[in-house]
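Letters A, B, ... mirror the listed sequences (proteins, then strands); counts begin at 1. Quick caveat: nothing in here was measured; it's all calculated off a predicted structure.
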Protein chains: 2
Amino acid sequence: MSGGVDLDAVRTFVSVADTGQFQHTAAEMAITQQAVSKRIAKLEEDLSVRLFTRTARGAQLTIDGQAFLPHARELLQAEQRAADSVRPGRRALRVDVINRRTAPAALLRDFHRGYPDLQLDVLVLDDSGVDVAIAAVRSGAIDAAFRAITIPARRLPDGIKAVRVVDEPHQLLTGPAHKLAAAPAVTPADLVGHRIWIPGILPGTEWATYYDDLAAEFGLAIDPVGPNFGTEHLLDVLADSATLASLVGEQTRLLWPTHYDLRRIPLHDPTPVYPHSLIWHRDNSHPALATLHHHLASIRSRRRDTGIWTPAWATRQA
Amino acid sequence: MSGGVDLDAVRTFVSVADTGQFQHTAAEMAITQQAVSKRIAKLEEDLSVRLFTRTARGAQLTIDGQAFLPHARELLQAEQRAADSVRPGRRALRVDVINRRTAPAALLRDFHRGYPDLQLDVLVLDDSGVDVAIAAVRSGAIDAAFRAITIPARRLPDGIKAVRVVDEPHQLLTGPAHKLAAAPAVTPADLVGHRIWIPGILPGTEWATYYDDLAAEFGLAIDPVGPNFGTEHLLDVLADSATLASLVGEQTRLLWPTHYDLRRIPLHDPTPVYPHSLIWHRDNSHPALATLHHHLASIRSRRRDTGIWTPAWATRQA
DNA sequence: GGCGAGCCACAACGGCGGGTTGTGCGACTA
DNA sequence: TAGTCGCACAACCCGCCGTTGTGGCTCGCC
């Protein structure tokens, strides 16, 4: 029960399965036939199963070998993808999002669906904050970031570019017992006096800035404090509460038990939207970055410009 | 450019990423802290990238490390699946099909969709022929097989059971210039005098037996000979031919360029169906096998019993 | 500010895994 | 039956990777 599988052995196995002969593989991999024999033998011992039947003119897959083969190929491809994800120079396009349930994440899923051949890595930088993202883009560690730009455009570091690409409308999320649960739509003014609970927002982050401004603008009681026990817990509390509500992005896909009977209620007059900008470096020549720009250009036309609200700092941007 | 990645190093990497400390990982993996340090260092060298920033109270992922982490997890899962596919005793349910484009393969895809947690391996035994499949089931090398049983039920080896589960209707496949291309449906009798081309059928296989009987029954000219250049070639030839047609399973999903304009024409009065039986061993106690039986039972009711044709040997079965 | 604690890296050493060469054995062929 | 082809076993040996021992760095605490 060593458990561990040697990838070189797996590579050797696949080669033998393809060529049908230990010797071919030996030549191909520039080792001796005996080494191939040993590798296969060890792999068979590790898996405690026989992979080939040795005949006088080669090796033939056993049924176990046939079952193992596709998994072996998949394993090697996974290794390739893993190595490619950090390969300096020609790695996957690396894009940062604030979190995986916001509109940009959904947008990137669509992008990936449209260009499945492009290597794409979506990641969530641990320390939230635009500065961190900008620094990462500047250093070349990541290729792009979807963030809300809370600082004036002219103060961006040299070479850093940013364009507002996605406005994510917010919706009110309530349980069935909430006073606004039956409303077809509500305005921000309707929310005055109601408690809005958005747990897990750390002070000083983009989120905090946005919700602070939103609360100040409309006189709302947005309560960002309180421990974040995860989305499930939030939904759990909302489902039973007549006084608490929350705000979620329109495209945020949440899963909850049907008996929770939560409601999503659109916001109007105006609709608060979260302004996501794409941030990238002027000199970044990653080919997939151009493709991403292209993809975004085809989407940007769908953006609404009237009836929406954003913080003052967002309207100062290009 | 060693290229090869050591899975033990990857395991170590993931552990350090989770715990945040080399020492924790060392204790967890029952090795020394120095060994962990070396493994990570070597992995970083292999990938020529820095994965952690070492601090005074632990190790923190770099951005490259964050990008690598999900791929590393995926890689380890792939290793697990590969090992599980042959793990004696509790390996994945192993089911043989005649080929991956027939109805049983589609059925297994549905089965897998319905029970995604079950480990399932679909394989195509190289040497076609029922006997091979039966022998494999008998030896326990595979758990089940979808095959056409061409021998009487009573002659099955002891312990081997078989039940006819899927009848796959055949359709005529023609190019736009074919004389029958515009017909909404045809009968086998309509095919007399037309050339039916089904390349790649080896003599002595289940397929050959079936098509021989079909041809004899209705006086058809089914031409199984000729080299098999692959499906693309077959479609290519059909698209341009006014005299050649082929037979395909109703559920066979073929992809062809739209300008080929190929037609699938149902067969009636009677509809030739290919009788797939599930073959398994009475004493096989693999839990997923019971689930498969359950799944099949819920489907079997959809089988038509009238207006179909099968070879005589098929009707002799239970 | 100095001292101790915690955590990681470097150095020297040793065992063993995995490569090599050399040889043997079984199967198919002429 | 001799020859060839293809894989396995044996002996050897190098290098990798683990160990122990130690040093350096950065905290936090008195």
Original post:
Counting just side-chain N and O atoms, does A:R54 come under 4.0 Å of either OP1 or OP2 of D:dA8?
Top reply: yes
**OP:** Return yes when atom CG of A:D283 has more than 12 non-hydrogen atoms of other residues, nucleotides or ligands closer than 6.0 Å, and no otherwise.
**Re:** yes
**OP:** Summarise protein proximity over nucleotides 14-19 of chain D in one line of letters, 5' to 3': B for base, S for sugar-phosphate only, - for none, counting protein heavy atoms closer than 4.0 Å.
**Re:** ---SBB
Original post:
Hey, are A:D84 and A:R81 close enough for a salt bridge, meaning a charged N less than 4.0 Å from a carboxylate O?
Top reply: no
Subject >> Minimal non-hydrogen separation, A:A133 against A:A145, with atom names >> reply: CB-CB, 4.0 Å
Original post:
Should A:S37 be listed as having a side-chain N or O under 4.0 Å from OP1 or OP2 of D:dA8?
Top reply: yes
**OP:** Can you tell me the distance, in whole Å, between the CD atom of A:Q60 and the P atom of C:dC28?
**Re:** 12 Å
**OP:** Answer with yes or no whether the side chains of A:H281 and A:D143 bring together a donor and an acceptor at under 3.5 Å.
**Re:** no
**OP:** Salt-bridge test for A:E45 and A:K38: reply yes if a basic N is under 4.0 Å from a carboxylate O, no otherwise.
**Re:** no
Original post:
Rounded to the Å, how far apart are A:I40 CD1 and C:dG18 C1'?
Top reply: 14 Å
**OP:** Give the rounded distance in Å between these two atoms: CZ of A:F22 and P of D:dG6.
**Re:** 13 Å
**OP:** Starting from P on C:dG17, measure out to CG on A:D46 and report it in whole angstrom.
**Re:** 11 Å
Original post:
Is any side-chain N of the basic residue among B:D158 and B:R282 closer than 4.0 Å to the acidic one's carboxylate O?
Top reply: yes
Original post:
Whole-Å distance between C:dA9 P and B:E44 CD?
Top reply: 8 Å
Could you list, one pair per line, each protein nitrogen or oxygen that sits under 3.5 Å from a nitrogen or oxygen of nucleotides 25-30 of chain D, together with the distance?
none

**OP:** Return the orientation label for the B:F22 and B:F52 ring planes: parallel under 30°, perpendicular over 60°, tilted otherwise.
**Re:** perpendicular
**OP:** Would you classify B:A59 as touching base, sugar-phosphate or nothing, given that sugar-phosphate means primed atoms plus P, OP1 and OP2, and contacts are heavy atoms under 4.0 Å?
**Re:** sugar-phosphate
Subject >> Closest contact, heavy atoms only, A:L51 versus A:L43 >> reply: CD1-CD2, 3.7 Å
**OP:** Verify the distance criterion only: is there a donor paired with an acceptor across the side chains of A:R50 and A:T62 at less than 3.5 Å?
**Re:** no
